[in-house]
Amino acid sequence: MRRILTWLVWLCATIVFSEAVHAQSWQAIAGAQTRDKAVQALAFLPTEVWIHAGDSITWIFPTPEPHSVTFLKPGQVRPSFVAGCPGTTLDGSPFDGSACVNSGRVTTTGATYTVTFPSPGNYRLVCLVHVNMTGLVHVLDPSEPLPHDQDFYSDQAAVQRHDLLSDRDRRVPRKFGEDAGDDLEEANPHAHSHMVVTGTGELVSTPGGIQSVSVMRFMQWSITIHAGETVEWDSSDVSGHTITFGQEPPDVTPQTPPSANVFADADGARHAIISSTADNVHSGFIAQAAHERVGVPQAPAPVAQTQPPGAVTRFRVTFTNPGTYPYICAFHDELGMRGQVIVLP
């Protein structure tokens, strides 16, 4: 009897050890950027991966633009990145669909986050920072063959990265450098009016999820007007931005409301009046409304009020006195999203 028990213990240990030996760690990427940080690929690279139950995937975050690696429970209402699952889960957490797993908003370049998948299934991956950034992980039983290896996924990630950042259809400006001013001005059809295009971007659909590419720039970084005139910033991006003069609000998030000196025009655009270079003005989040989907309440059109904050794509400032007025996007100033308004008498 003792021999039988010993043999059973040895057999179980062998099975467990064998499974541990065969468990594989896969590598993927969250986000990419051009060298000057102007163009951001808001995408999981690659968007789709097949692995075995017991395997893990480690995502690396190569950019200062923040992202999250988040797996929500089926049917779970998408939370903000501030709320999380709630909160975050430990690096290396398992996900089988029964509980949310969330890296939180990762802001450290080169950081990694690993998720282990103990059970077969198909699991949707999302970034809580960017609504148009999703992926898919297929977890197969260990007895089933995998269609691809790590080299395939690494090559696919490189191809997707190149396609997003090079923008082969030329609809998103591609050159930012010493001649950035000329390129941005050519990309802005309102370069010689009092309108500033605030970022630009595109969505890309893949079988595994949605990718997006965003130009984190004010498309006319410097504009000159006369006192008493108004400048309008129009959002043309898939990502949200702010127009912030002076001191930015502490711990700013997309839910941070406009500053108290911002009011709303009849067409729903937000508006402020600046009379001094010492004035502090924050537009609040300027972005398109969420996409219309079956089963989701229709996004409201802009209304002539600033509270509660809604989807607003235009911000206007009237300047009453001469001076140079620098401003930033409070989310992307570290990427170089800055501008200035020069007001002449």
Q: Taking the side chain as every heavy atom from C-beta outward, state whether Trp221 and Gln340 have any atom pair closer than 4.5 Å.
A: yes
Q: Could you tell me which non-hydrogen atom of Ser103 sits nearest to which non-hydrogen atom of Val106, and how far apart they are?
A: OG-CG2, 3.8 Å
Q | Connected-component partners of Ile342 among ILVMFWY, side-chain separation under 4.5 Å | A | Leu344
Q: Please lay out, stage by stage, how Ile29 and Arg161 fare under the test side-chain contact (heavy atoms from CB on, under 4.5 Å).
A: CA-CA 10 Å; Ile29 301 170; Arg161 177 188 183 278; over 6 Å; no
Q.
What verdict does the side chain to side chain donor-acceptor pair (under 3.5 Å) test give for Asp237 and Ser239, after you've listed the backbone C-alpha separation in whole Å, the side-chain angles of each residue and the deciding distance to 0.1 Å?
A. CA-CA 5 Å; Asp237 204 355; Ser239 187; 5.0 Å; no
Q) Is the closest side-chain heavy-atom distance between Cys127 and Ser68 below 4.5 Å? A) yes
Q) Is the shortest heavy-atom distance from the side chain of Leu125 to the side chain of Trp59 under 4.5 Å? A) yes
**Q.** Rounded distance (nearest 0.5 Å) linking atom CG of Asn122 with atom CD of Glu48
**A.** 9.0 Å
(Q) Rounded to the nearest 0.5 Å, what separates atom OG1 in Thr230 from atom CD1 in Ile274? (A) 11.0 Å
Q | Leu72 side chain reached by Arg124 side chain, heavy atoms, under 4.5 Å | A | no
Q: Treating Ile, Leu, Val, Met, Phe, Trp and Tyr as nodes and any side-chain heavy-atom pair under 4.5 angstrom as an edge, say whether Val137 and Trp50 lie in one connected cluster.
A: yes
Q) Under a single-linkage definition using a 4.5 Å side-chain heavy-atom cutoff for Ile, Leu, Val, Met, Phe, Trp and Tyr, are Met133 and Phe61 assigned to the same hydrophobic cluster? A) yes
Q: Could you pull out all residues at least two apart from Tyr325 that satisfy ring-ring contact (aromatic ring centres under 6.0 Å, His included)?
A: Phe319
Q. Does any donor atom in the side chain of Gln33 or Glu65 lie under 3.5 Å from an acceptor atom in the other side chain?
A. no
Q. Tyr113, Leu128: one ILVMFWY side-chain cluster at the under-4.5 Å cut-off?
A. no
Q.
Using a 4.5 Å cut-off between side-chain heavy atoms of Ile, Leu, Val, Met, Phe, Trp and Tyr, which other residues end up in the same hydrophobic cluster as Leu136?
A. none
Q.
If you count heavy atoms of other groups shown closer than 6.0 angstrom to CD of Gln247, is the number above 12?
A. no
Q: Could you pull out the closest heavy-atom pair between Ser214 and Leu42, with the gap in Å?
A: CB-CD1, 4.1 Å
**Q.** Separation of Gln211 CD from Glu202 CD (nearest 0.5 Å)
**A.** 12.0 Å
**Q.** Those residues that, when tested against Phe315, pass ring-ring contact (aromatic ring centres under 6.0 Å, His included) (two or more places apart)
**A.** none
Q: Hey, could you give me the OG1/CG distance between Thr114 and Asp91, rounded to the nearest 0.5 Å?
A: 4.5 Å
Q) Does the pair Met337 and Phe218 meet the rule for a side-chain contact (heavy atoms from CB on, under 4.5 Å), with working shown? A) CA-CA 6 Å; Met337 195 166 183; Phe218 295 106; 3.7 Å; yes
Q.
Any heavy-atom pair between the side chains of His130 and Ser212 that's under 4.5 Å?
A. no
(Q) Less than 3.5 Å apart, any donor N or O on the side chain of Thr242 or Tyr327 sitting next to an acceptor on the other? (A) no
Q.
Tell me whether Asp265 contacts the main-chain N or O of Asp267 through its side chain, where contact means a donor paired with an acceptor under 3.5 Å.
A. no
Q) Who pairs with Phe95 by ring-ring contact (aromatic ring centres under 6.0 Å, His included), at least two apart in sequence or on another chain? A) Phe71, Tyr123
Q) Just checking, any donor-acceptor pair under 3.5 angstrom between side chains of His282 and Glu248? A) no
Q. Under 3.5 Å, is there a donor-acceptor pair between the Ser56 and Thr116 side chains?
A. no
Q) Do Val39 and Val129 sit in the same hydrophobic cluster, where Ile, Leu, Val, Met, Phe, Trp and Tyr count as joined when their side-chain heavy atoms come under 4.5 Å apart? A) no
Q | Distance (rounded to the nearest 0.5 Å) between Trp26 CH2 and Leu146 CG | A | 5.0 Å
Q | Which atom of Thr109 lies closest to which atom of Pro64, heavy atoms considered | A | OG1-N, 3.4 Å
**Q.** Enclosure of Asp141 CG (heavy-atom neighbours >12, cutoff 6.0 Å)
**A.** yes
Q.
Between His52 (side chain only) and Ser143 (backbone N and O only), is there a donor and an acceptor less than 3.5 Å apart?
A. no
**Q.** For His332, all residues meeting ring-ring contact (aromatic ring centres under 6.0 Å, His included), sequence neighbours excluded
**A.** His241
Q) How close do Gly199 and Met219 get, heavy atom to heavy atom, and via which atoms? A) N-CG, 4.3 Å
**Q.** side-chain contact (heavy atoms from CB on, under 4.5 Å) evaluation trace for Tyr153 with Val49
**A.** CA-CA 7 Å; Tyr153 293 126; Val49 178; 3.9 Å; yes
**Q.** Atom pair NZ/CG of Lys73 and Asp96 - distance to nearest 0.5 Å
**A.** 11.5 Å
Q) With side chains defined as the heavy atoms from C-beta onward, is the minimum distance between Ser259 and Asn280 less than 4.5 Å? A) no
Q: Spell out, as yes or no, whether a donor-acceptor pair under 3.5 Å connects the side chain of Asp55 to the backbone of Gln24.
A: yes
Q: Classify the side-chain pair Thr88/Asn102 by whether it contains a donor and acceptor separated by less than 3.5 Å.
A: no
Q: Report the C-alpha separation of Leu45 and Leu164 in whole Å, then their side-chain angles, then the decisive distance to 0.1 Å, and conclude whether the side-chain contact (heavy atoms from CB on, under 4.5 Å) test is met.
A: CA-CA 11 Å; Leu45 305 170; Leu164 288 168; 4.3 Å; yes
Q. Are any non-hydrogen side-chain atoms of Pro254 and Phe331 less than 4.5 angstrom apart?
A. yes
Q. How close do Thr318 and Gly228 get, heavy atom to heavy atom, and via which atoms?
A. CG2-O, 3.9 Å
Q | Path from Trp233 to Leu335 over hydrophobic side-chain contacts below 4.5 Å | A | yes
Q) Tell me, do Thr70 and Phe81 make a side-chain contact under 4.5 Å, heavy atoms counted? A) no
Q.
I'd like to know if the side chain of Thr47 and the backbone of Phe44 have a donor-acceptor N/O pair within less than 3.5 Å.
A. no
Q.
Going by salt bridge (charged side-chain N to carboxylate O under 4.0 Å, His left out), Asp234 matches just one of Arg316, Arg314, Arg270. Which one?
A. Arg314
(Q) On a heavy-atom basis, which atom in Asp279 and which in Ser275 lie closest, and how many Å separate them? (A) OD2-N, 2.9 Å
Q. More than 12 non-hydrogen atoms from neighbouring residues, nucleotides or ligands closer than 6.0 Å to CD on Gln150, yes or no?
A. yes
